[in-house]
Protein chains: 2
Amino acid sequence: MATVNSYTGTMPTPDRTSLDAIVLAASDLLETDGLAALTMNAVAQRVGVRAPSLYKRVQGRDRLIQLVAEATLTDIADRLNAHSDPVRIASQLRAFGKERPAAFLLVMSPGAGTPVADDAFRHASVASLLRVAGELAGEQHALEAARTLTAWATGFISMELNGSFQLGGDVDRAWDFGVTRIIDAITVSR
Amino acid sequence: MATVNSYTGTMPTPDRTSLDAIVLAASDLLETDGLAALTMNAVAQRVGVRAPSLYKRVQGRDRLIQLVAEATLTDIADRLNAHSDPVRIASQLRAFGKERPAAFLLVMSPGAGTPVADDAFRHASVASLLRVAGELAGEQHALEAARTLTAWATGFISMELNGSFQLGGDVDRAWDFGVTRIIDAITVSR
DNA sequence: ACCTGAACACCGTTCAAGT
DNA sequence: ACCTGAACACCGTTCAAGT
């Protein structure tokens, strides 16, 4: 029966890292020092191998960034799916943005040319918003309502993280104002 | 009196390019081949010099990207300021995004780490939206209303350009739905 | 005063050679 | 089977040398 300390026989070399560790290291670098600092060398150093070894587990830097994006979208999905109130769901998305701004911007407003996550992941991340918007707006306008709500929420959070709200004022108040008015606006019976 | 063909005397060498030409070449490269293709070498080739010569006119690649962003924001400001109807202003912003998607994404949803335009340029670009939102919402809620409208518009257009609207449906209809509902929602007397 | 080739430090990526 | 050093082509940037 194999144990942790079992005899390894003629096994050449045990794995020194894993894909998960690589993606995690890449996420850390992204959040700490930005996308430019997410180099194959820096990732390799974090996981304790040399850069060429990474190519045994991931196709290249672009694919690694894509994996980071997909892992981020999964985290967002898990977080949003835990709630059913539209105000709370939107607020959870904003909280995520504040905790992991670089990851949020990577997946929610990828610049031109950044490797993009697979559709399934992007879909899952906003499933909650979609569902709740449908409930509010009725089947007739479910999709339009969902797009209005998600566009506003991602736009607002992105602008907040970008520092695009430079005119002072109370950003929290603007958020509350927006949430209230938009939910009201997409609700069918008013 | 100096003319175009005036005697140049002992002038060493006439300028072979200009900052404007450099920024224009960089904008073209961004739009055609993406931010990664906007290299100092590629820009230099377009304007007919070698890469090191660019440093006589611009501090480096990051600053050049920033200049492209600022020129883009000026273009957006000019375009939006030509109108006063909120629906039309929003629609002009969307039209710009479709004409120059890479430039739009660069300035409206810059990824983490991309060099960012000076506040004054960002401010000017959305001045029209701000003014019109103030008229709709009244002084009391002018800022919140402006932020709601701009967040929605930039969020929507970014998602459209990103291909984030993957669920089919009529995107134009979703736009019309959003514009109507949001303008209604931020208008004071309803 | 502007432009250039050469050089430097750094990328991502490939691959033969090690264990 | 995984890991590595060396190599390659490409970056951005600097600078002495040309005109």
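Since the model is a prediction, treat every value here as computed from it, not as a measurement. The chains referred to below are lettered A, B, ... by the order of the sequence lines, with proteins before strands, and numbering in each begins at 1.
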Check: Which dot-bracket notation, 5' to 3', represents the base pairing of DNA chain C when pairs are defined as Watson-Crick or G-U with both distances under 3.5 Å, crossing pairs as [ ], and inter-strand pairs as |?
Finding: ||.|||||...|||||.||
Note to self: What's the closest nucleotide to the side chain of A:N41 if the choices are D:dC2, D:dT13, C:dC11?
What the structure shows: C:dC11
Next item on the list: Indicate the atoms forming the closest heavy-atom contact of A:M40 with A:G60, along with that distance.
Entry: CE-C, 4.0 Å
Item checked: A:R16 CZ - D:dA1 P separation (whole Å) -> 16 Å
Checklist line | Any residue of residues 48-56 of chain B with a heavy atom less than 4.0 Å from an atom of DNA chain C | finding: B:V49, B:R50, B:P52, B:S53
Checklist line | Derivation and outcome, side-chain contact (heavy atoms from CB on, under 4.5 Å), residues A:V107 and A:F121 | finding: CA-CA 10 Å; A:V107 299; A:F121 290 91; over 6 Å; no
Check: With no hydrogens and no angle check, do the side chains of B:S164 and A:R122 hold a donor and an acceptor under 3.5 Å apart?
Finding: yes
Check: Nearest-Å distance, CG (A:L35) to P (C:dC11)?
Finding: 13 Å
Item checked: B:L106 side chain reached by B:I65 side chain, heavy atoms, under 4.5 Å -> yes
Check: Which of the following nucleotides, C:dT13, C:dC3, D:dC2, is nearest to the side chain of A:D15?
Finding: D:dC2
Notebook entry, point to check: Is A:R57 near enough to D:dC3 that one of its side-chain N or O atoms lies under 4.0 angstrom from OP1 or OP2?
Noted result: yes
Checklist line | Nearest non-hydrogen partners of B:A151 and A:M159, listed with the distance | finding: CA-SD, 3.8 Å
Check: Atom CD of A:Q45 and atom C1' of C:dC11: how far apart are they, to the nearest Å?
Finding: 15 Å
Note to self: I'd like to know if B:L35 and B:L24 are part of one continuous hydrophobic network [Ile/Leu/Val/Met/Phe/Trp/Tyr, side-chain heavy atoms within less than 4.5 Å].
What the structure shows: no
Check: Charged N to carboxylate O under 4.0 angstrom, B:R57 versus B:D15?
Finding: yes
Margin query: Using a strict heavy-atom distance below 4.0 Å, which residues from residues 19-34 of chain B are in contact with DNA chain C?
Written below: none
Notebook entry, point to check: Rounded to the Å, how far apart are B:R61 CZ and D:dT13 C1'?
Noted result: 13 Å
Next item on the list: In whole angstrom, give the distance that lies between atom CE of B:M40 and atom P of C:dC10.
Entry: 19 Å
Next item on the list: Indicate the ring-plane relationship of A:F96 and A:F104, choosing parallel, tilted or perpendicular according to the 30° and 60° boundaries.
Entry: tilted
Next item on the list: Cation-pi check, B:R147 to A:F165: give yes when NZ or CZ is under 6.0 Å from the six-membered ring centre and within 45° of the ring axis, no otherwise.
Entry: yes
Check: Would you call A:E99-A:R94 a salt bridge at under 4.0 Å N-O?
Finding: no
Checklist line | Pair B:K98 + B:E160: basic N to acidic O under 4.0 Å | finding: yes
Check: How close or far is atom C1' of C:dT13 from atom CG of A:D62, stated in whole angstroms?
Finding: 12 Å
